[in-house]
There are 2 protein chains.
Amino acid sequence: MMATIKQISELSGVSRGTVDRVLNGRGHVSPEKERLVRSIAEQVGYTPNRAGKALAARKKSYSICVLLASEGNPFFSEVIRGVREAERELHDYGVKVVLRTLKGYDVSAQVSAMEELGKDASALILNPINDPAVAEKINALSDRGVQVYTVNTDIGDCRRLCYVGSDYFEGGRIACGMLGLLTGGVANVGILTGSVHILGHKQRIDGFLDVMYSKYPRFRFLSIMETEDDDMIGFESTRKMLTDFPEIDTIFLAAAGVYGACRAVQSFLPGRKLHIVSFDHIPQTGELMQAGLIHATICQQPFAQGYEAVKLAFNSLMSGAPPQEQQYIVKNEIRILENL
Amino acid sequence: MMATIKQISELSGVSRGTVDRVLNGRGHVSPEKERLVRSIAEQVGYTPNRAGKALAARKKSYSICVLLASEGNPFFSEVIRGVREAERELHDYGVKVVLRTLKGYDVSAQVSAMEELGKDASALILNPINDPAVAEKINALSDRGVQVYTVNTDIGDCRRLCYVGSDYFEGGRIACGMLGLLTGGVANVGILTGSVHILGHKQRIDGFLDVMYSKYPRFRFLSIMETEDDDMIGFESTRKMLTDFPEIDTIFLAAAGVYGACRAVQSFLPGRKLHIVSFDHIPQTGELMQAGLIHATICQQPFAQGYEAVKLAFNSLMSGAPPQEQQYIVKNEIRILENL
DNA sequence: TTGTATGCGTTATCAT
DNA sequence: ATGATAACGCATACAA
């Protein structure tokens with residue numbers, strides 16, 4: 001049976017209150033008693049009991065705020081499901097979860113939403129725009145005692161406690177590995193990314209090229225274009241790419257705009273069998289795979305991203321200590337038609 | 001803020017004890033009060049608080065026993081890690097986890113270990129041998145009030161509460177889907193299974209053939225042999241298969257014995273590039289992939305199997321109600337060299 | 001049948 | 001600085 005504060009107090013002959021003060025570093029304890037209690041706690045291997053903690057913490061009622069850009073992106077509906085599931089589980093512990101979504105990627109909108117939510121939040125979870133103003137606001141909130149976590153995308157040069165999301169570089173490596181297997185190692189490759197300026201997208205390209213250059217000498221990289229994460233632009237970019245490089249037989253879809261790109265392939269190269277690998281699972285992914293356009297897609301566990309981010313924040317609030325790791329990396333999952 | 005028993009008792013003007021009796025169906029309550037309490041509880045949407053429950057339950061100290069066959073199977077080391085992790089998390093709730101491993105698949109050994117562990121267990125988790133004697137013992141324990149769960153492999157015709165493990169049929173389907181992609185849909189296929197008598201192995205074959213017959217008309221299924229989950233036997237079976245059917249260019253490794261089979265391919269068809277898909281992640285999987293022998297392997301989340309089985313048993317013990325679902329199915333994960 | 005009291009482990013408050 | 005005590009939500013032994 002686990003050691004408790006009560007047992008420690010009995011063993012050391014001091015009151016429970018004093019043991020609590022020592023173990024939680026609240027001060028106002030004489031050095032001798034402090035040493036005594038610490039040594040006894042050490043001996044019996046004391047670990048705080050989560051159920052007791054939770055019960056006592058109910059009076060305080062933490063609030064965890066989640067700020068997600070953007071609305072209308074189907075990827076995030078799964079993230080939100082994860083947030084909700086974590087909320088459900090944490091309900092017992094008196095934790096309030098506040099979700100706020102934003103449309104589009106507007107820096108000032110994000111910053112002001114952060115300010116507003118930060119007013120009364122114990123922790124803030126967001127997918128930050130990679131902009132100095134956002135980093136600055138993160139630091140400001142952190143100084144005010146709000147624990148900040150990033151989810152899905154990270155941001156540098158700031159005091160966020162932990163990033164919860166995928167390893168984009170690895171995702172790109174996997175995409176290339178899959179295309180290597182699908183093509184037998186011989187391919188004329190076109191890449192469609194969201195934006196070369198978005199860090200995650202760039203990292204996927206880097207990962208892809210890393211494997212390509214080291215493992216697939218017979219891959220020829222012909223063209224890269226942007227979709228701006230938009231189906232219409234994706235369609236147009238793909239059309240242009242296929243016109244400029246008709247020999248392309250392999251496409252790496254590193255970001256959103258997947259449906260538009262696939263429609264372009266279907267329209268301008270009907271009957272031609274390209275090899276296509278995409279990212280994430282959008283509503284059209286199933287039919288595109290069924291149609292044999294996309295052969296594999298790589299998912300980044302959106303549900304787990306939302307779920308784990310909230311739980312990480314909660315655990316950190318409960319224990320008083322920040323997370324052990326600076327990153328919580330979710331898996332990149334390879335999906336084909338049979339396990340979509 | 002969540003409603004509590006105390007609040008319900010105040011709202012309905014009865015004592016906390018009576019509310020408890022109603023909500024937990026302990027009887028000895030007058031019909032009027034019962035109705036009253038139920039309606040109020042309904043209105044406020046009462047849900048028992050897990051932390052409070054856990055704290056109160058500490059006096060009882062449940063014990064969850066885990067019985068795993070077999071020793072020396074690297075697959076199960078991850079399952080055990082999952083069990084240990086769950087144990088760590090549940091330590092706070094006064095739950096004791098007892099792990100017992102067995103060597104090999106001996107029915108009478110398993111049955112007698114079940115009997116022994118069942119003596120003082122609130123729940124028993126095991127990977128059952130598919131034998132009537134085991135099913136019978138499961139029922140006997142169930143009658144004695146021990147909740148029984150199956151993990152990794154299931155068994156029919158008995159009162160186990162829930163199966164935690166993978167969908168073998170789906171795993172087989174995925175394997176065929178991957179080989180379809182790798183081969184471009186044209187292949188001469190040989191299958192190596194563990195034993196045609198082991199349910200999971202058979203289901204994988206069925207899943208494989210399901211996809212093959214419906215989707216890959218140009219797959220030719222030439223031969224199936226057994227490895228008995230053993231590398232030496234796998235080597236020999238593969239050798240014989242490749243001798244009898246030299247045109248085989250694609251191999252589906254549905255069970256253990258993977259290393260032996262691959263060594264046989266390497267020895268007898270040096271330089272030939274076969275397409276091979278296997279299951280699980282054994283210590284040699286990495287090097288076999290590196291060598292280009294195995295192209296993909298399908299994993300069944302062994303850690304999650306151990307972890308979730310224990311947590312399921314715990315939740316069920318805590319809530320007093322059996323699990324909602326009869327099955328907790330973990331994902332089949334496609335792994336290639338880049339995400340192994 | 002119904003109500004009351006106590007304890008689980010932790011934390012906060014109030015005395016001393 | 002230290003100790004005693006109540007409270008969190010639930011379960012239960014005991015009293016009425």
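Reminder, nothing fancy here: chain letters follow the sequence lines and each chain counts from 1.
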Take A/G17 and A/K6, find for each the nucleotide of DNA chain C with the closest heavy atom, and name the residue whose nucleotide sits nearer the 5' end. A/K6
Residue whose closest nucleotide on DNA chain C lies nearer the 5' end, B/E34 versus A/M318: B/E34
Knowing that exactly one of B/E89, B/E85, B/E87 qualifies, which makes a salt bridge (charged side-chain N to carboxylate O under 4.0 Å, His left out) with B/K311? B/E89
Rounded to whole Å, how long is the line connecting atom [atom1] of [X] with atom [atom2] of [N]?
X     : N      : atom1 : atom2 : answer
B/Y93 : C/dT10 : OH    : C1'   : 13 Å
B/R21 : D/dA11 : CZ    : C1'   : 11 Å
A/D20 : D/dT5  : CG    : C1'   : 14 Å
A/H28 : D/dG3  : NE2   : C1'   : 15 Å
A/R16 : C/dC8  : CZ    : C1'   : 11 Å
B/H91 : C/dG9  : NE2   : P     : 12 Å
B/I5  : C/dT6  : CD1   : P     : 19 Å
B/I8  : C/dG3  : CD1   : P     : 15 Å

Please determine whether a side-chain nitrogen of the Lys or Arg among [X] and [Y] lies less than 4.0 Å from a carboxylate oxygen of the Asp or Glu.
X      : Y      : value
A/R160 : A/D154 : yes
A/E34  : A/R38  : yes
B/D92  : A/K53  : no

At 4.0 Å (heavy atoms only), tell me whether [X] reaches a base, stays on the sugar-phosphate, or touches nothing.
X     : value
A/K53 : sugar-phosphate
B/R50 : nothing
A/N49 : sugar-phosphate
A/N24 : sugar-phosphate
B/Y46 : sugar-phosphate

Which nucleotide wins on minimum distance to the side chain of [X], given the candidates [options]?
X     : options              : result
A/K60 : C/dA12, C/dC8, D/dT2 : C/dA12
B/P48 : D/dG3, D/dC10, D/dC8 : D/dC10
A/V14 : D/dA1, C/dT11, D/dG3 : D/dG3

Hey, what bend do you get for the helix from C/dT1-D/dA16 to C/dT16-D/dA1 if you fit axes on five pairs at each end, rounded to 10°? 60°
Would you kindly say whether B/Q305 and B/Y307 are connected by a side-chain donor-acceptor distance under 3.5 Å? no
Candidate pair B/I8 and B/L23, rule side chain to side chain contact (heavy atoms under 4.5 Å, CB included), full reasoning: CA-CA 11 Å; B/I8 294 177; B/L23 263 28; 4.3 Å; yes
Would you say CD of B/E71 has more than 12 non-hydrogen atoms from neighbouring residues, nucleotides or ligands within 6.0 angstrom? yes
Strictly below 4.0 Å: does [X] bring a side-chain N or O up to OP1 or OP2 of [N]?
X     : N     : answer
A/T18 : D/dG3 : yes
A/T4  : C/dC8 : no
A/K59 : D/dA6 : no

Could you give me the CA-CA distance, side-chain angles and deciding distance for B/R16 and B/V19, then say whether side chain to side chain contact (heavy atoms under 4.5 Å, CB included) is met? CA-CA 5 Å; B/R16 301 208 285 271; B/V19 175; 5.6 Å; no
